[in-house]
Asks: 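Below are the C-alpha cells for one structure; questions will follow.
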Amino acid sequence: MKIVPRDITIKQAFENFYEIPRFQRPYSWEAENVEALWRDIMSSRSAEYFLGSMIVYAEDGHTLRIIDGQQRLTTLSLLLAAIRDIAKQYDLEDLSLGTQRCLRRSDVYNKTRNVLAMTGDGRKPYLQETYLADTPERQVDEADKTDEMKAIDTAYETLIKKIQEEVPELNASNTSTETHESEVDDLFTIDENGEIGPPIDTDQTNLSNRIGQQLTDIRDLIFDVHILLIELDKEEDAYTIFETINTRGLELSITDLYKNLLLKHLCAESENDKFNTDWTNLVERIDKEGNTTVDTFLYHSWNSRHTFSTRPKLYTNARELVSDKRSAESLLKELEADWESYKLITNPDLVKGNSDVWKPIQRSLNALKVFKVQQNIPFVIALLQAHKRKIIRPAHVRNTLSTIEKFHFCFTAITNSRSSGGISSMYCKHARELTNATSADEAHQSIEELMNKLVERLPSKELFISKFTELEYSAHETKKKPLIQYILRNLALPADGLTFPLDSELTIEHLLPQVEVERGSVDVSIVGNIGNLFYLTGTDNNDLKTLSYTEKKQLLEEKGNLPLTLQDIHEWNEQQIMNRARILAMIAYDEVWRL
C-alpha cells in the first residue's frame with residue numbers, strides 16, 4: 001500500500017480535480033454543520049486552522065476520487081460560489097472570475113471541467129449545474145428537489161447569510177434559497193424581465209471597493225486553511241484506510257500528522273533516508289514498550305519543552321514551530337531524548353542506580369502510575385532530563401518526586417480534586433523552565449516554586465479524612481485494589497508497627513470476613529472499608545481465614561504481627577472499623593503523606 005500524505009492549503013487543494021464516486025452518500029450537512037465550519041474558519045485569523053484529513057485515490061493522472069472529505073469539500077465549494085455570486089453582482093469582475101476558476105477551469109488537455117464533479121450514477125449533477133457552472137442553471141422546481149438538493153440549497157443560503165453578517169455593507173435583511181434563485185430585492189435592482197441588475201447604491205464604486213476587499217479577505221482566509229491530503233494509488237487501499245479510521249471512530253492520529261510534518265522537511269528522494277529509519281525506530285521502541293501510545297508520548301514530550309498545548313491543538317502548534325529542515329531535525333532529536341526519560345515513567349522497573357536514591361525514585365514513579373495521574377508527566381520528563389544533563393543531583397530528583405507523589409496521593413487518588421488553577425499548565429510552565437535551565441540554581445528555584453504551589457493546592461484535612469474513610473476493597477469492589485495495596489503497605493509501620501520486606505508477597509485481609517456479607521449480617525461497604533483491611537503475608541492470611549476475631553487477634557499476637565490499632569480492641573464491629581478508618585486517615589495526612 002503506497003500512502004502519500006501531504007499537508008496542503010485549501011488553495012492548493014482546489015488546484016486538483018476531484019470526483020465524488022457514485023458509492024458516496026449524498027451531501028447531507030445541515031445548517032449547524034455549515035455554521036460550525038464557518039465559525040472555525042473565521043476564528044482562524046489569529047491562528048492557523050487545520051480542517052482535518054481528506055482521503056483520495058488517483059483515478060488517473062489528472063483526477064482524484066474522494067473517499068472521505070466530500071462533505072467539507074462540497075461546503076467549501078459552495079462558500080466560494082457564494083463569494084463569486086456576490087462579487088459578480090457588485091461588478092467585481094476580477095474577484096468573481098478568479099474565484100470561479102477555483103470551481104471550474106481547463107485541464108491540461110484544455111478541456112473545461114468542474115473541479116468537483118460527480119461520477120455517473122443517475123443522480124442529476126445539481127451542485128455542478130446550479131452552483132458551480134460558469135452560467136448556473138436554476139430551473140429545478142421545488143417539488144422535484146431531492147433531500148440532497150435541499151441540503152445544498154440550505155448550505156448555500158446559510159453561507160450567503162454568514163457572508164452578509166461578516167460584510168455589513170451588504171445590508172441584507174435575510175437570505176434564503178429563493179435569494180439565490182432571484183429574490184434579491186434588498187440588494188440588487190431587478191429589470192422588467194426579472195433579471196438581476198447592478199446593486200442599489202448611490203456611491204456604487206466606493207461600496208463595491210469596500211465589499212470587494214472584505215470578500216477578498218474572506219476568500220484568502222479560506223485559502224489559508226490547511227488539510228492533510230492522504231493520497232493512495234489504489235481504490236481498495238483508500239477504502240481500507242477510510243474504514244479503519246471511521247469504524248473505530250478515530251481522527252487521524254497525532255503520530256501520522258507528526259510524521260507528515262517532519263517528512264516534509266527531512267525526507268530525501270530515497271525511500272531509505274535517515275529520517276524514515278530514525279522515526280520508524282522511535283515508533284517501534286514506543287510500541288514495544290506497550291505502556292503508552294505514540295500520540296500520548298508526543299503530547300507529553302511537547303508540554304515538557306514548549307508552551308502548553310491541548311491535544312487537539314498539538315499538531316497546529318508543532319506546525320508553527322517546524323518550518324524548515326533545521327527545526328524538524330531539532331524536534332526529532334527532542335523526541336528521541338525525551339523517550340529515554342519517558343520510558344522510565346511508563347515502566348519504572350527500568351530505573352537503575354544506587355538503591356539509596358534510585359529505589360525511592362522507582363517507588364514514586366510506580367505510585368504515580370497507581371494514581372493514574374498524567375498532569376505531572378511533562379515535568380517529570382524535564383526533571384529526569386535535567387539530571388541527565390547534570391543540572392540536578394539524583395537526591396534532588398528523589399525529593400522532588402516524593403513531594404509530587406504525596407501531593408497527588410491526596411489531591412488525585414483520595415479526594416479526586418479538580419483544579420481551577422490549571423495543574424497541567426502549571427507543570428508545563430515549570431517543565432519548560434527546567435528544560436531551559438543552564439545552572440543548578442535556576443533549576444532549584446523553579447522546582448522550589450512548583451513545590452510551594454503544590455502545598456498551596458493541597459486538599460484540606462477535613463476533606464481528605466472524609467474521602468479516605470470511604471475507601472473500599474472487597475470481592476464486590478476491586479477497582480481500587482492497587483491503591484489499597486499501596487496505602488496498606490505505606491501505613492503498616494507508622495500505623496500498626498509492622499514491617500514487611502519490599503519483595504514479600506502480601507495479601508489483603510478483611511478482619512471482619514467477607515462471608516458476613518453473604519450471610520446478610522453486615523453491609524459490603526463496611527466489610528470492604530479501609531478500616532477493616534490489613535496487609536498480611538500469604539501464610540498469615542491462610543491461617544486466619546476461618547477464625548473468629550478473638551482467635552485472629554490471639555494468633556497474630558503469638559506471631560508478633562498484631563497491628564497496634566488492634567491491641568486494645570476486644571470486639572470488632574462497624575463502629576470499631578470506622579474508628580480505625582479515621583485513625584488511619586489522620587496518620588496518612590499528618591505523617592506519611594505530609595507536605
Side-chain angles (χ1 to χ4, degrees), residues 290-292 346-349 362-374 405-406 408-418 459 463-492 495-496 498 500-547 549 552 556 561 563 565-566 572-574 576-585 587-589 592-593:
N291 292 323
T292 189
T346 61
N347 187 1
D349 291 341
Q362 185 185 69
R363 288 196 293 272
S364 289
L365 292 175
N366 270 317
L368 292 168
K369 282 190 67 178
V370 170
F371 306 158
K372 299 179 181 179
V373 61
Q374 296 279 308
E405 174 192 354
K406 291 175 180 178
H408 280 291
F409 173 74
C410 299
F411 187 89
T412 305
I414 301 302
T415 63
N416 196 26
S417 299
R418 294 289 180 266
L463 176 62
F464 179 88
I465 291 174
S466 172
K467 295 293 185 179
F468 186 95
T469 54
E470 294 174 357
L471 289 172
E472 291 181 35
Y473 169 72
S474 68
H476 301 275
E477 179 58 62
T478 61
K479 290 187 299 183
K480 293 188 176 181
K481 182 178 180 180
L483 177 62
I484 297 295
Q485 290 174 319
Y486 166 83
I487 293 171
L488 294 179
R489 182 180 283 277
N490 281 278
L491 283 175
D496 285 323
L498 303 177
F500 303 104
L502 290 176
D503 59 351
S504 59
E505 293 185 8
L506 302 175
T507 60
I508 299 174
E509 162 69 7
H510 293 77
L511 199 55
L512 184 63
Q514 296 187 79
V515 70
E516 297 298 329
V517 176
E518 299 172 10
R519 293 171 179 165
S521 59
V522 67
D523 189 80
V524 66
S525 64
I526 300 302
V527 171
N529 188 273
I530 186 72
N532 189 48
L533 306 180
F534 295 83
Y535 231 179
L536 299 174
T537 63
T539 302
D540 285 345
N541 204 335
N542 286 330
D543 292 342
L544 298 177
K545 274 185 178 179
T546 60
L547 302 181
Y549 169 70
K552 287 181 178 180
L556 289 174
N561 291 334
T565 50
L566 295 183
W572 194 244
N573 52 36
E574 179 178 342
Q576 298 296 349
I577 289 172
M578 298 311 298
N579 286 344
R580 181 172 180 270
R582 186 171 179 81
I583 291 171
L584 295 180
I587 294 174
Y589 192 88
V592 181
W593 288 278

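Counting begins at 1 with the first residue of the sequence.
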Asks: Kindly assign one of parallel, tilted or perpendicular to the pair Y486 and F371, based on the angle between their ring planes and the thresholds 30° and 60°.
Replies: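 Taking F371 first and then Y486, their aromatic rings stand perpendicular (interplane angle over 60°).
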Asks: Looking only at non-hydrogen atoms, find the nearest pair between T565 and A495 and report the distance.
Replies: CG2-O, 3.6 Å
Asks: What is the minimum heavy-atom distance between F464 and A585, and which atoms define it?
Replies: CE2-O, 3.4 Å
Asks: Before you tell me yes or no, could you show the steps for N490 and W593 under side-chain hydrogen bond (donor to acceptor under 3.5 Å, both in side chains), namely the whole-Å CA-CA distance, both residues' side-chain angles and the distance that decides it to 0.1 Å?
Replies: CA-CA 9 Å; N490 281 278; W593 288 278; 5.4 Å; no
Asks: Within a strict 4.5 Å, meaning less than it, do heavy atoms of the Q362 and D349 side chains meet?
Replies: yes
Asks: Can you confirm whether I508 sits close enough to Q485 that some side-chain heavy atom of one is under 4.5 Å from a side-chain heavy atom of the other?
Replies: yes
Asks: Do V524 and S474 come within less than 4.5 Å of each other through their side chains, counting heavy atoms only?
Replies: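 Yes. Closest side-chain heavy atoms under 4.5 Å.
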Asks: State, with a plain yes or no, whether a side-chain heavy atom of I577 is found less than 4.5 Å away from one of W572.
Replies: yes
Asks: Between K552 and P513, is there a side-chain heavy-atom distance shorter than 4.5 Å?
Replies: yes
Asks: So how far is it from I414 CD1 to K480 NZ, rounded to the nearest 0.5 Å?
Replies: 7.0 Å
Asks: List in chain and number order the residues that pass ring pair (Phe, Tyr, Trp, His ring centres under 6.0 Å) with Y473, two or more places apart in sequence or in another chain; answer none if no residue qualifies.
Replies: H510
Asks: Rounded to the nearest 0.5 Å, how far apart are CG of L556 and CG of D496?
Replies: 10.5 Å
Asks: Distance check, rounded to the nearest 0.5 Å: L488 atom CG versus L498 atom CG?
Replies: 11.0 Å
Asks: Kindly indicate, with the supporting measurements, whether the criterion side-chain contact (heavy atoms from CB on, under 4.5 Å) is fulfilled by I484 and L533.
Replies: CA-CA 9 Å; I484 297 295; L533 306 180; 3.7 Å; yes
Asks: Please step through side-chain contact (heavy atoms from CB on, under 4.5 Å) for the pair Y535 and R489, ending with a clear verdict.
Replies: CA-CA 7 Å; Y535 231 179; R489 182 180 283 277; 3.6 Å; yes
Asks: Could you go step by step and tell me if F534 and R580 meet the side-chain contact (heavy atoms from CB on, under 4.5 Å) rule?
Replies: CA-CA 11 Å; F534 295 83; R580 181 172 180 270; 3.1 Å; yes
Asks: Quick one: does any side-chain atom of Q514 pair with a main-chain N or O of A475 as donor and acceptor, under 3.5 Å?
Replies: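 Such a contact is found between Q514 side chain and A475 backbone.
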Asks: Would you say the side chain of N529 lies within less than 4.5 Å of the side chain of L471, judging by non-hydrogen atoms?
Replies: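 A side-chain contact is absent here, since even the closest heavy-atom pair is not under 4.5 Å.
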Asks: Indicate the atoms forming the closest heavy-atom contact of V527 with L512, along with that distance.
Replies: CG1-O, 3.5 Å
Asks: Please round to the nearest 0.5 Å and tell me the distance separating atom CG of N573 and atom CE of M578.
Replies: 12.0 Å
Asks: How long is the straight-line distance from CG of N532 back to CD of Q576, given to the nearest 0.5 Å?
Replies: 11.5 Å
Asks: My understanding is that only residues two or more places apart in sequence, or in another chain, count here; which of them pass salt bridge (Lys or Arg N to Asp or Glu O under 4.0 Å) with E574?
Replies: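 Scan of E574 (salt bridge (Lys or Arg N to Asp or Glu O under 4.0 Å), adjacent residues dropped) gives none.
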Asks: Looking at every heavy atom in both P459 and T415, which two are closest together, and how far apart are they?
Replies: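 The answer is CG-OG1, 3.5 Å.
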Asks: Drop me the distance from S466's OG to R582's CZ, to the nearest 0.5 angstrom.
Replies: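 These two atoms lie 9.0 Å from each other.
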Asks: Does some side-chain heavy atom of F409 sit less than 4.5 Å from a side-chain heavy atom of L483?
Replies: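 The answer is yes; the side chains approach within 4.5 Å.
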Asks: Check whether more than 12 heavy atoms from other residues, nucleotides or ligands sit under 6.0 Å from atom NZ of K467, and answer yes or no.
Replies: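 12 or below, so no.
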Asks: Under a 4.0 Å threshold between the charged nitrogen and the carboxylate oxygen, would E405 count as salt-bridged to R363?
Replies: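 Salt bridge absent between R363 and E405.
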Asks: Verify side-chain contact (heavy atoms from CB on, under 4.5 Å) between L511 and L566, making sure each step is shown before the conclusion.
Replies: CA-CA 10 Å; L511 199 55; L566 295 183; 3.6 Å; yes
